[in-house]
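Structure first, then comments.
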2 protein chains.
Amino acid sequence: MTETANDRSLKTTVTTLRIVELLRERDGAGVTEIARELDIAPSTAHTHVTTLEAQEYVVKEGDTYHLGLRFLGLGNFVRTRKRKFGKAEHYTNVLSEESERRSIFTVEEHGRGVYVHTAPGKHGVWTQSTVGKRVYLHSTASGKAILAHMPTARVREIIDRVGLPKETEQTIHDEEALFDELAEIRERGYALNVEEQISGVRAVGAPVMGPDGDVFGALSVAGPSNRMKGEQFDRLTEVLLGIAEELELSIALS
Amino acid sequence: MTETANDRSLKTTVTTLRIVELLRERDGAGVTEIARELDIAPSTAHTHVTTLEAQEYVVKEGDTYHLGLRFLGLGNFVRTRKRKFGKAEHYTNVLSEESERRSIFTVEEHGRGVYVHTAPGKHGVWTQSTVGKRVYLHSTASGKAILAHMPTARVREIIDRVGLPKETEQTIHDEEALFDELAEIRERGYALNVEEQISGVRAVGAPVMGPDGDVFGALSVAGPSNRMKGEQFDRLTEVLLGIAEELELSIALS
DNA sequence: TAGTCGTTTCGCCTCTCCCGAATACCAGTT
DNA sequence: AACTGGTATTCGGGAGAGGCGAAACGACTA
């Protein structure tokens with residue numbers, strides 16, 4: 001599951017990247033801390049981190065090293081790389097206003113869902129942005145919407161790669177159950193997430209298809225369970241589907 | 001001037017990072033192209049790029065490799081890492097509205113200026129975001145505002161490291177001239193950029209000081225030269241200085 | 001002043017990364 | 001179908017680079 005058995009990956013590069021990841025998680029770290037955490041010699045950690053600093057990917061503040069703003073440029077680049085992403089940003093905002101719920105545009109990469117654009121709901125005081133967050137496809141509304149419109153072979157590949165880990169009691173854990181649900185989603189046109197990722201939170205997701213017929217991503221709205229049911233919910237779904245369609249159209253015309 | 005001869009930088013890591021940089025510049029590339037450009041063997045380029053792919057930092061589309069969305073998370077992290085950056089974002093937007101000019105919040109890192117937040121002017125159709133862009137400090141309004149409030153020793157360090165390259169005919173190229181201007185900037189409280197970075201573009205920049213007395217960054221507005229002069233310009237400066245002060249206050253109170 | 005904990009330097013040994021050659025692949029072209 | 005030029009990819013071996021450990025250095029405490 002965690003594989004790196006026989007491949008020819010560059011160990012040096014891998015440790016460098018692990019350090020980058022660690023610096024994000026810890027919001028900066030010292031040499032010893034890095035060494036302890038990654039099980040390498042302090043001197044080794046030191047070499048890596050100074051290399052990163054010389055390349056200006058890391059800044060040193062006192063004795064702790066932090067990720068530098070060079071990543072800002074890279075992040076901004078990948079976000080604006082595809083013109084379609086720009087369209088998606090606009091409609092994510094529209095969706096947030098019309099639904100008054102937290103809205104997200106997600107795409108698939110390496111078998112995971114990645115939040116590309118997010119917009120807070122009216123009530124939302126989401127202090128910290130979740131752009132770039134990676135989630136599982138099988139436990140989120142947008143993720144399931146995406147899976148539902150992928151070739152079955154691809155879905156199986158993804159399951160093999162990342163598995164179907166349980167995040168809450170409601171998370172779909174069984175492959176057959178998942179495929180059944182995906183069929184259902186295809187029929188009705190949207191996907192649900194009933195506390196499958198986070199207890200107390202429900203979401204609705206709609207696929208966004210590209211002009212080639214491949215699924216491009218998904219739009220979703222989320223909120224506390226008690227504000228996501230009944231006729232209120234039906235209205236939400238309608239708004240969501242409408243905007244997803246507008247986005248598809250807008251993409252097709254560009 | 002260019003490089004660190006005798007240091008113990010990890011060559012493997014450095015080439016990996018050069019590849020990342022190349023993939024951004026070219027917006028994706030194939031193995032041969034990378035090898036040619038960085039003067040390494042194709043097989044080597046291949047190993048690097050597959051390592052990056054295995055770590056999910058790069059995606060393969062056909063036979064070309066692209067930067068992946070993992071950088072989105074890193075970029076978002078560094079942008080939101082400091083609470084102060086959040087404040088700056090708000091006031092950058094306010095500045096853009098009140099000045100009706102393109103507004104930018106810049107901080108210094110590794111002797112360069114980095115755009116952390118940008119907001120388009122009223123007329124601006126800046127299609128592509130310049131967040132994360134790296135500029136010289138000596139040829140920009142915000143940059144000079146920052147330099148003016150740094151310890152002199154630090155300024156000299158920076159000049160030694162990055163030099164004073166000419167970007168237009170107006171760029172300050174001489175160290176003494178620069179120090180004279182910095183003194184002037186300190187006196188009047190704001191910095192000017194009269195077509196020193198881009199011909200036809202002028203800008204005004206104001207420092208944003210932190211509570212500790214260190215300079216935290218700078219706010220600036222920019223526009224075509226003919227819309228940046230006379231009494232119109234005086235009003236701009238006033239607005240700019242006012243908002244910079246508000247930002248300083250807001251930071252001090254948090 | 002001694003003691004502790006962290007970072008940084010440096011020489012050495014080994015392991016890994018880089019190269020080159022061979023192979024696989026693909027799309028035109030004859 | 002065979003040939004061709006252009007790619008990507010695999011793989012073995014040699015040289016050089018990266019990782020380790022020891023020791024020096026520096027900051028802070030008792």
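Chain letters run A, B, ... following the sequence lines, proteins first, then strands; residues in each count from 1. These numbers come from a predicted model, not from an experiment.
The phosphate of D:dA17 has neither OP1 nor OP2 within less than 4.0 Å of any side-chain N or O from A:Lys11. Phosphate proximity of C:dC18 to B:His46: absent, as no side-chain N or O sits under 4.0 Å from OP1 or OP2. Taking 4.0 angstrom as the limit, A:Tyr65 places a side-chain polar atom (N or O) nearer than this to OP1 or OP2 of C:dT8.
Atoms CD (A:Glu37) and P (C:dG6) sit 14 Å apart, rounded to a whole Å. Put simply, NZ on A:Lys60 is 15 Å from P on C:dG6, counting in whole angstrom units. Atom NE2 in B:His48 sits roughly 12 Å away from atom C1' in D:dA17 (whole-Å rounding). When rounded to the nearest whole Å, the span between CG of B:Asp63 and P of C:dA27 equals 10 Å. Per the geometry, CZ belonging to B:Arg18 stands 12 Å off P belonging to C:dC18, to the nearest Å. Taking atom CG of B:Asp39 as the reference point, atom C1' of C:dC18 lies 13 Å away to the nearest angstrom. Whole-Å rounding puts the B:Ile34 CD1 to C:dC19 P distance at 14 Å.
Note that A:Arg156 lies in the cation-pi zone of A:Phe179, set by a 6.0 Å cut-off to the ring centre and a 45° limit from the axis.
Both A:Leu10 and A:Pro42 sit near DNA chain C, but only A:Pro42 has its closest nucleotide nearer the 5' end. Residue whose closest nucleotide on DNA chain C sits further toward the 5' end, between A:Thr12 and A:Gly62: A:Gly62.
For A:Ser43 against D:dG19, a side-chain-to-base donor-acceptor contact under 3.5 Å is absent. With hydrogens and angles ignored, a donor-acceptor pair closer than 3.5 Å exists between the side chain of B:Arg8 and the base of C:dG11.
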For this session: Output, in order, the C-alpha distance, side-chain angles, deciding distance and verdict of salt bridge (charged side-chain N to carboxylate O under 4.0 Å, His left out) for A:Glu89 and A:Arg79.
Result: CA-CA 10 Å; A:Glu89 176 169 28; A:Arg79 181 208 253 118; 5.4 Å; no
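In this model, no donor atom of one side chain and acceptor atom of the other lie less than 3.5 Å apart for A:Thr51 and B:Thr13.
Under a 3.5 Å cut-off, the side chain of B:Arg112 and the backbone N or O of B:Val135 do form a donor-acceptor pair.
Ring planes of A:Phe216 and A:Phe105: tilted class, angle from 30 to 60°.
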